[in-house]
Amino acid sequence: MTLFLNNYLNGEWQAASSPVHTLTDPVTGEALATTGGAAAGLSDAFAYARREGGPALQAMSYAQRAAMLADAMKLMQAKKDEYYAISLANSGTTKTDSAVDIEGGLFTLGYYAKLGAALGDAHTLRDGAAGILSKDQLFQSQHLMVPIRGLALFINAFNFPAWGLWEKAAPALLSGVPVVVKPATVTAWLTHRMVADVIEAGVLPKGALSIVCGSSAGLLDALTPFDVLSFTGSADTAATLRSHPSLARDSVRANMEADSLNATMLGEDAQPGSPVFELFVDNLVKDMTIKSGQRCTAPRRALVPKVLMHAVGEAVAGRLAAIRVGNPRNPETGMGSLVSRAQFDSAREGLALLAAEASVLFDGAAQPLLDADPSSACMGPTLLGVRDADAATEVHRHEVFGPVSSLIGYRDAAHAIDIAHRGMGSLVASVYSADNDWMASTAEALAASHGRVHVVSPEVGKTHTGHGNVMPGSVHGGPGRAGGGEELGGLRALGFYHRKSAIQAPASVLERLGGRSTALTL
Ligand code: NAP
């Protein structure tokens with residue numbers, strides 16, 4: 001019998017309902033699991049999480065909650081083999097690509113467990129020092145951050161069923177805020193399994209973690225003003241959610257992580273075959289093909305000096321040709337599948353749109369697949385070369401969520417920066433050069449439209465963390481098109497799950513806040 005992914009609400013697993021969605025193996029087409037339709041009783045279930053989960057979590061100190069995160073991480077570390085098997089079957093990813101999601105999620109959980117331990121026995125956070133309000137200096141103001149009274153609803157994307165849960169849940173639970181997660185249906189199995197493991201182990205108090213699989217219907221209707229919503233997914237869905245009355249009228253705090261036309265840039269100082277040229281090419285190929293290009297941070301636009309278009313195109317094409325694409329069960333496979341045939345069709349359609357203003361420099365569709373049928377969701381990597389950098393529009397507008405990148409030739413640094421800005425706000429831009437002055441001024445210019453700027457010189461060629469990798473100590477999120485959100489960034493992430501209030505009081509009262517609070521040092 002096919003596994004049914006049931007909801008966990010009101011502190012108990014809900015009975016299976018009639019299957020509405022089927023999760024499949026994107027390589028073999030095998031049915032893996034099913035989910036039901038709209039969940040019943042969401043308002044009551046959300047009230048339960050606020051009533052039971054919130055107070056139980058908030059009775060603990062930051063250090064106690066951090067210890068809970070560490071326990072959750074440890075128990076999941078012991079079950080990793082099962083998670084890898086689910087990822088292989090449901091996401092069609094190789095072991096290396098599954099690790100980005102699974103190890104990334106557990107690493108982030110461990111990172112917040114450590115940060116939280118350092119906050120000690122406190123229950124609230126002091127933001128800055130007290131400011132004097134009265135002439136006699138007795139009346140002062142202290143900004144105090146207290147955990148929100150509501151819950152955190154996470155609506156997540158299909159590409160990171162593990163990391164997408166824990167990068168949000170770690171700072172939320174550390175803050176003392178109960179979590180309801182709604183994973184993307186197509187890959188909900190791994191999220192469901194991890195949640196089930198943590199619940200079964202009894203690591204968290206009742207009501208601290210709930211899951212809704214299948215339909216998103218009714219989730220936003222069940223939010224009340226003190227809740228928060230953290231969404232990751234497409235810009236179109238983000239736009240729909242923004243107009244919901246919970247956000248538009250009740251001011252539910254929302255963080256949106258949407259799609260992004262990230263850029264990577266090769267410096268003007270590069271010469272074919274030089275160390276920086278090789279670094280750029282190697283990293284572009286890696287970032288295009290990790291998780292088959294299904295990372296929100298993948299470089300969709302690769303900016304190179306116009307005179308180097310041909311040399312970079314040849315070098316990248318050569319590396320892409322060496323990657324075998326197909327069934328991740330075959331050890332020769334370097335890149336697995338897209339997550340579904342629907343994503344495959346969407347990526348091919350997007351590719352056709354971009355190809356109207358670009359030449360195909362490497363066509364992955366012409367390569368044979370390894371142990372996979374052409375009707376599977378496996379898609380070869382494709383490199384495009386934009387014909388006219390100034391006339392092109394779709395390359396700055398349309399995100400192909402697959403192993404596709406477009407080379408764009410720039411004239412000078414100002415032109416390159418202008419092209420990068422045309423993405424109208426992105427998660428990340430990377431810069432490769434051996435010229436420190438050029439890198440510093442370019443990074444500063446790119447910071448205005450990018451949540452993260454990743455700068456690589458040959459000096460850090462072997463040690464940098466990677467354009468596409470999201471490190472929990474650095475903020476993740478970008479302005480404008482990228483959703484305008486901000487996640488992670490170490491303790492900065494806790495801000496979203498706290499309410500900041502200015503306590504205006506006699507100094508003798510403010511002193512007493514110190515017993516339960518700790519200074520927030522970023
Ligand atoms: P999506 O179609 O927008 O779906 C995202 C989530 O929203 C899913 O859980 C989906 O549920 C849910 N959803 C869809 N319609 C909804 C509605 N009307 N109300 C409430 N929830 C709704 O995105 P996706 O295809 O899963 O993910 C791919 C996109 O995510 C890409 O564009 C990628 O760039 C972006 N992404 C961004 C980041 C980032 O950090 N910025 C990270 C990863 C991915 P169902 O699955 O049940 O439809």
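In each ligand, atom 1 is the first atom listed, and ligand 1 is the first ligand listed.
For a heavy-atom separation below 4.0 Å, the residues in contact with ligand 1 are Ile155, Asn156, Ala157, Phe158, Asn159, Lys182, Pro183, Ala184, Thr185, Gly214, Ser216, Phe231, Thr232, Gly233, Ser234, Thr237, Leu241, Glu257, Ala258, Asp259, Cys296, Glu399, Phe401, Leu427, His476.
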Would you give me the side-chain donor-acceptor pairs under 3.5 Å for residues 147-161, sequence neighbours excluded?
from	atom 1	to	atom 2	distance (Å)
Asn156	ND2	Gly164	O	3.1
Asn159	ND2	Gln294	O	3.0

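Between Trp189 and His21, the ring center distance fails the sub-6.0 Å criterion.
For residues 249-264, the pairs satisfying salt bridge (Lys or Arg N to Asp or Glu O under 4.0 Å) are Asp259-Arg481, with sequence neighbours left out.
For the side chain to side chain donor-acceptor pair (under 3.5 Å) test, residues two or more places apart in sequence or in another chain that qualify with Arg295 are Asp287, Asn469.
By the 30° and 60° cut-offs, the orientation of the rings of His192 relative to Trp13 is tilted.
Because its NZ or CZ atom is both nearer than 6.0 Å to the ring centre of Phe344 and within 45° of the ring axis, Arg341 counts as a cation-pi partner of that residue.
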